[in-house]
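Note sheet for the following structure.
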2 protein chains.
Amino acid sequence: MNRKPRFTKQRKLILDELKKVKTHPTAQELYDSIRKVLPNISLGTVYRNLELLCQQGMAKRVEFPEAQRRYDGDVSRHYHIQCVGCGKVDDIYVNETRAIREDELIRFLGIKTNYDVHGQKIDFFGLCPECKSRKNQEKL
Amino acid sequence: MNRKPRFTKQRKLILDELKKVKTHPTAQELYDSIRKVLPNISLGTVYRNLELLCQQGMAKRVEFPEAQRRYDGDVSRHYHIQCVGCGKVDDIYVNETRAIREDELIRFLGIKTNYDVHGQKIDFFGLCPECKSRKNQEKL
DNA sequence: GTATTATTAGTAACAGTTACTATTACTAAT
DNA sequence: ATTAGTAATAGTAACTGTTACTAATAATAC
Ligand SMILES: [Mn+2]
Ligand SMILES: [Mn+2]
Ligand SMILES: [Zn+2]
Ligand SMILES: [Zn+2]
């Protein structure tokens, strides 16, 4: 039934470019650079393929509040820091496994990244009790 | 020079409603409920005042990826968890001061919130080296 | 090579938020 | 109390990032 996804030149170019850069580009930025070699590619194609690559685990979304969505070709476990001045996103690779206190962490990251670290943002996600039981209902 | 901000009935209603609910409403949701008592209020007024209240530290933005902006009348220090099923946002008040390991934390929050906790998202923000020195330049 | 159909380019639609503008209504000074 | 000055408002238009639609194209299996 299900045909394999095709490996079009558009898809290949998008993935290659994303893997190449370290800038966590937006769809628009990728579109602009890929257009230099494939002038007729459309922005929709870039979006569609980026989302597809994310689904397949070959890319990741990098989302900050009030900023447009960015994508990352590096799917290894790492954190991100965004500059409140220019909006760019840099990587933070931490190999510490033990937990550290918040103030220590800020100081540590300041040294590691050369950023003036203002703070962090921690959010959680999951299934609320209602949605949990609704989901269980549906299974029966 | 600078006039005081006026305390209009629109502003008062918005703040009161926001403080009253625990749902982290969107601007649209606040607009809908406030319209029941002030039918002519405009959505723009709700947005403008919410942003103003945030600037003044009387409210906070609650922003999750892929979701519309929400606001919180509770500015005390607490975390948020969003349901991936229905999108609602609940509070997490943690009085633990010591750091805890990630897996412990997830278990702990599961018990505390009754959510099926899928994970967390940690991001950092600050000033990059370039913006830091640009800022210093401007001061001279 | 031919048939099948996933993918594409181009464009329109959409949603959330912000900007604009003429009018209204607080506030403070007279 | 009246007035002058101006912050704030309602209503609406514009904007921005993303998604949806559709006819044409091109990757793959046979
Ligand atoms: Mn990264
Ligand atoms: Mn809250
Ligand atoms: Zn910067
Ligand atoms: Zn839910």
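All chains are named by letter (A, B, ...) in the order of the sequence lines, taking the proteins before the strands, and each is independently numbered beginning at 1. The figures here come from the full heavy-atom set of this structure, side chains too, leaving out hydrogens, waters and symmetry mates.
As rounded to whole Å, 15 Å separates atom C1' of D:dA8 from atom CG of B:Leu13. Between A:Leu53 atom CG and C:dT7 atom C1' there is a gap of 14 Å when expressed in whole angstrom units. Protein atom CD of A:Gln10 is 11 Å distant from nucleotide atom P of C:dG10, rounded to whole Å. In this structure, the CG atom of A:Asn49 is 13 Å from the P atom of D:dA27, given to the nearest Å. C:dT8 atom P lies 14 Å from atom NZ of A:Lys12, rounded to whole Å. We find that CG of B:Leu30 is positioned 12 Å from P of C:dT17, with the value rounded to whole Å. For the pair A:Leu38 CG and C:dT8 P, the interatomic distance rounds to 10 Å; values are reported in whole Å.
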What does nucleotides 11-26 of chain D look like as a protein-contact string, B for base, S for sugar-phosphate only, - for none, at under 4.0 angstrom between heavy atoms? B-----SBB------B

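The pair A:Lys12-A:Asp16 counts as a salt bridge, with a side-chain nitrogen and a carboxylate oxygen less than 4.0 angstrom apart. At a threshold of 4.0 Å, the pair B:Lys121-A:Glu63 does not count as salt-bridged, since none of the basic side-chain nitrogens sits closer than that to a carboxylate oxygen. Between A:Arg107 and A:Glu104, none of the side-chain N atoms (NZ, or NE/NH1/NH2) sits under 4.0 Å from a carboxylate O, so this pair counts as no salt bridge. Ion pairing between a basic and an acidic side chain is recognised when a charged N comes within 4.0 Å of a carboxylate O; A:Glu51 and A:Arg69 show such pairing.
In this structure, B:Thr45 reaches the D:dA10 phosphate: one of its side-chain N or O atoms is under 4.0 Å from OP1 or OP2. Look at B:Thr8 and you'll find a side-chain N or O under 4.0 angstrom from OP1 or OP2 of D:dT9.
A side chain to side chain contact (heavy atoms under 4.5 Å, CB included) with A:Tyr115 is found for one member of A:Ile106, A:Ile92, A:Leu109, A:Ile81 and no other, namely A:Ile81.
Using bins of under 30°, 30° to 60° and over 60° for the plane-to-plane angle, the ring pair A:His78/A:His24 lands in the tilted bin.
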Could you write out each protein N or O paired with an N or O of nucleotides 1-4 of chain D at a distance under 3.5 Å?
none

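Relative to the axis of its first five pairs, the axis of the last five pairs of the helix from C:dG1-D:dC30 to C:dT30-D:dA1 sits at 30°, rounded to 10 degrees.
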